[in-house]
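In what follows, a single structure is set out as structure tokens and then discussed.
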Amino acid sequence: MSRADRIFIDMCQDILENGVSTEGEKVRPHWEDGSSAYTIKKFGVVNRYDLSKEFPAITLRPTAIKSCTDEMLWIWQMKSNNIHDLHSHVWDEWADESGSIGKAYGYQMGLKHQYREGMFDQVDRVIYDLKNNPFSRRIMTNMYVHQDLSEMNLYPCAYSMTFNVTQKKGQQRLTLNAVLNQRSQDILTANNWNVCQYAVLLHMLAQVCDMNVGELVHVIADAHIYDRHIPIVRELIARPVYDAPDFWLNPDVRDFYQFTRNDVRLDHYVTGPQIEHIPVAV
């Protein structure tokens, strides 16, 4: 069993057994038929993934590594807010007729600001600091910008990354760690997707900054399972599990802006079957 499987199963069991139901509350999400989408939720879920030991793709079902990497690069590398720049359709529900999701995600990452060292957007500021001031405790990003929320088609869910560099005893190279903060997460549809894409991001930044990859800590304020997902989750976490896959990142890429979705791969990735037709609350 991979560590990611154990974390996912334990988290789901905890939510199902000890979570709080929102049934009867006034909730925003709804199903395609118009009925309210209720959840069982836990507050303040924290999961730790040591990327130096394994890549955190669950084996209960497959996680599409190229697709989740594509979405991450859409935000962090292309800094786009238009779905026509994506190779998948995960954002179609929130796009307007032009394909824009408003002033959200990549739009915020691409805004430039003046610093003492010059003009940077959020991504370039992170890379600059990791290379020039790696032990700073101020290396972070934030997409939850209050003055722009009214012009976002969806408020950011995974909204902040805080990077922290350590010098491990006996190692010459530095180690790159990060905390991913998420205000809300649909556990069935998005949990391992987000974990994998930010694990890829950490691997990419570590490589271009000549560091070892360390821990990814995932903090979820509202970790929830939707009512219509409960039987699906129960079946999923009862499945057989397998060893973690081997992660491959193209070692020839040394510039973050040169990575593509084809520069990542999961080898020896044995999984259970994909779940078809998961209902999505919007």
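Positions are given from 1 along the sequence. Hydrogens, waters and symmetry mates play no part in the numbers below; they use all other heavy atoms, side chains included.
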[X] side chain to [Y] backbone, donor-acceptor under 3.5 Å:
{"X": "Arg265", "Y": "Trp248", "value": "no"}
{"X": "Asp124", "Y": "Phe120", "value": "no"}
{"X": "His218", "Y": "Val179", "value": "no"}
{"X": "Asp5", "Y": "Thr59", "value": "yes"}
{"X": "His30", "Y": "Val282", "value": "yes"}
{"X": "Thr69", "Y": "Ile65", "value": "yes"}
{"X": "Arg228", "Y": "Trp31", "value": "no"}
{"X": "Arg254", "Y": "Gln207", "value": "yes"}
{"X": "Lys41", "Y": "Gly19", "value": "no"}
{"X": "Asn81", "Y": "Ser100", "value": "no"}

[X], [atom1]: over 12 other non-hydrogen atoms inside 6.0 angstrom:
{"X": "Phe43", "atom1": "CZ", "value": "no"}
{"X": "Gln274", "atom1": "CD", "value": "yes"}
{"X": "Gln167", "atom1": "CD", "value": "yes"}
{"X": "Lys112", "atom1": "NZ", "value": "yes"}
{"X": "His113", "atom1": "NE2", "value": "yes"}
{"X": "Glu23", "atom1": "CD", "value": "no"}
{"X": "Gln147", "atom1": "CD", "value": "yes"}
{"X": "Asp243", "atom1": "CG", "value": "no"}

Can you tell me how far the [atom1] atom of [X] sits from the [atom2] atom of [Y], to the nearest 0.5 Å?
{"X": "Arg261", "Y": "Leu86", "atom1": "CZ", "atom2": "CG", "answer": "10.0 Å"}
{"X": "Met1", "Y": "Phe8", "atom1": "CE", "atom2": "CZ", "answer": "12.5 Å"}
{"X": "Ser80", "Y": "Met109", "atom1": "OG", "atom2": "CE", "answer": "13.0 Å"}
{"X": "Ile15", "Y": "Ile40", "atom1": "CD1", "atom2": "CD1", "answer": "9.0 Å"}
{"X": "Glu215", "Y": "Thr166", "atom1": "CD", "atom2": "OG1", "answer": "8.5 Å"}
{"X": "Tyr159", "Y": "Met143", "atom1": "OH", "atom2": "CE", "answer": "10.5 Å"}

Open item on the list: Working note: Tyr226 + Ile187, criterion side chain to side chain contact (heavy atoms under 4.5 Å, CB included); need CA distance, chi angles, decisive distance, verdict.
Closed with: CA-CA 8 Å; Tyr226 278 100; Ile187 294 300; over 6 Å; no
Task: Minimum heavy-atom distance between Ala57 and Ser2, given as atom pair plus value - done: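 Closest pair (atom of Ala57, atom of Ser2, distance): O-OG, 4.2 Å.
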Task: Which atom of His224 lies closest to which atom of Ser184, heavy atoms considered - done: CE1-OG, 3.0 Å
Out of [options], which one pairs with [X] under the side chain to side chain contact (heavy atoms under 4.5 Å, CB included) rule?
{"X": "Tyr144", "options": "Ser160, Cys157, Pro156", "value": "Pro156"}
{"X": "Leu176", "options": "Asn212, Leu130, Val213", "value": "Leu130"}
{"X": "Leu188", "options": "Ile225, Ile278, Val280", "value": "Ile278"}

Beyond-backbone contact of [X] with [Y], side-chain heavy atoms, under 4.5 angstrom:
{"X": "Phe55", "Y": "Val200", "answer": "yes"}
{"X": "Ser67", "Y": "His87", "answer": "no"}
{"X": "Val123", "Y": "Lys79", "answer": "yes"}
{"X": "Pro56", "Y": "Leu51", "answer": "yes"}
{"X": "Phe163", "Y": "Leu202", "answer": "yes"}
{"X": "Trp76", "Y": "Met161", "answer": "yes"}
{"X": "His229", "Y": "Thr189", "answer": "yes"}
{"X": "Ile83", "Y": "Ile101", "answer": "yes"}

Open item on the list: Which residue in the set Asp14, Asp222, Asp10 passes salt bridge (charged side-chain N to carboxylate O under 4.0 Å, His left out) when paired with Lys42?
Closed with: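 That would be Asp14.
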TODO: Salt-bridge test for Asp129 and Arg125: reply yes if a basic N is under 4.0 Å from a carboxylate O, no otherwise.
DONE: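 Judged by the 4.0 Å cut-off on N to carboxylate O distance, Asp129 and Arg125 do form a salt bridge.
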Open item on the list: For Arg3, is there an ion pair with Asp50 - N to carboxylate O distance below 4.0 angstrom?
Closed with: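 Judged by the 4.0 Å cut-off on N to carboxylate O distance, Asp50 and Arg3 do not form a salt bridge.
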- [ ] Look at the side-chain heavy atoms of Ile, Leu, Val, Met, Phe, Trp and Tyr, link any pair under 4.5 Å apart, and say whether Leu154 and Leu180 land in one connected group.
- [x]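 As far as the 4.5 Å side-chain criterion goes, Leu180 and Leu154 are connected within one cluster.
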Task: Cluster overlap Ile230 with Leu60, hydrophobic side-chain contacts below 4.5 Å - done: yes
Open item on the list: Walk me through whether Ile220 and Asn191 qualify under side chain to side chain contact (heavy atoms under 4.5 Å, CB included).
Closed with: CA-CA 10 Å; Ile220 313 168; Asn191 179 260; 3.9 Å; yes
Open item on the list: Just by distance, no angles: are the side chains of Trp193 and Asp186 close enough, under 3.5 Å, to form a donor-acceptor pair?
Closed with: no
Open item on the list: Using side chain to side chain contact (heavy atoms under 4.5 Å, CB included), reason through Phe247 and Leu266 one step at a time and then give a plain yes or no.
Closed with: CA-CA 5 Å; Phe247 176 69; Leu266 293 180; 3.9 Å; yes
Open item on the list: Run Tyr107 and Leu111 through side chain to side chain contact (heavy atoms under 4.5 Å, CB included) and show every step you take.
Closed with: CA-CA 7 Å; Tyr107 174 91; Leu111 289 177; 3.8 Å; yes
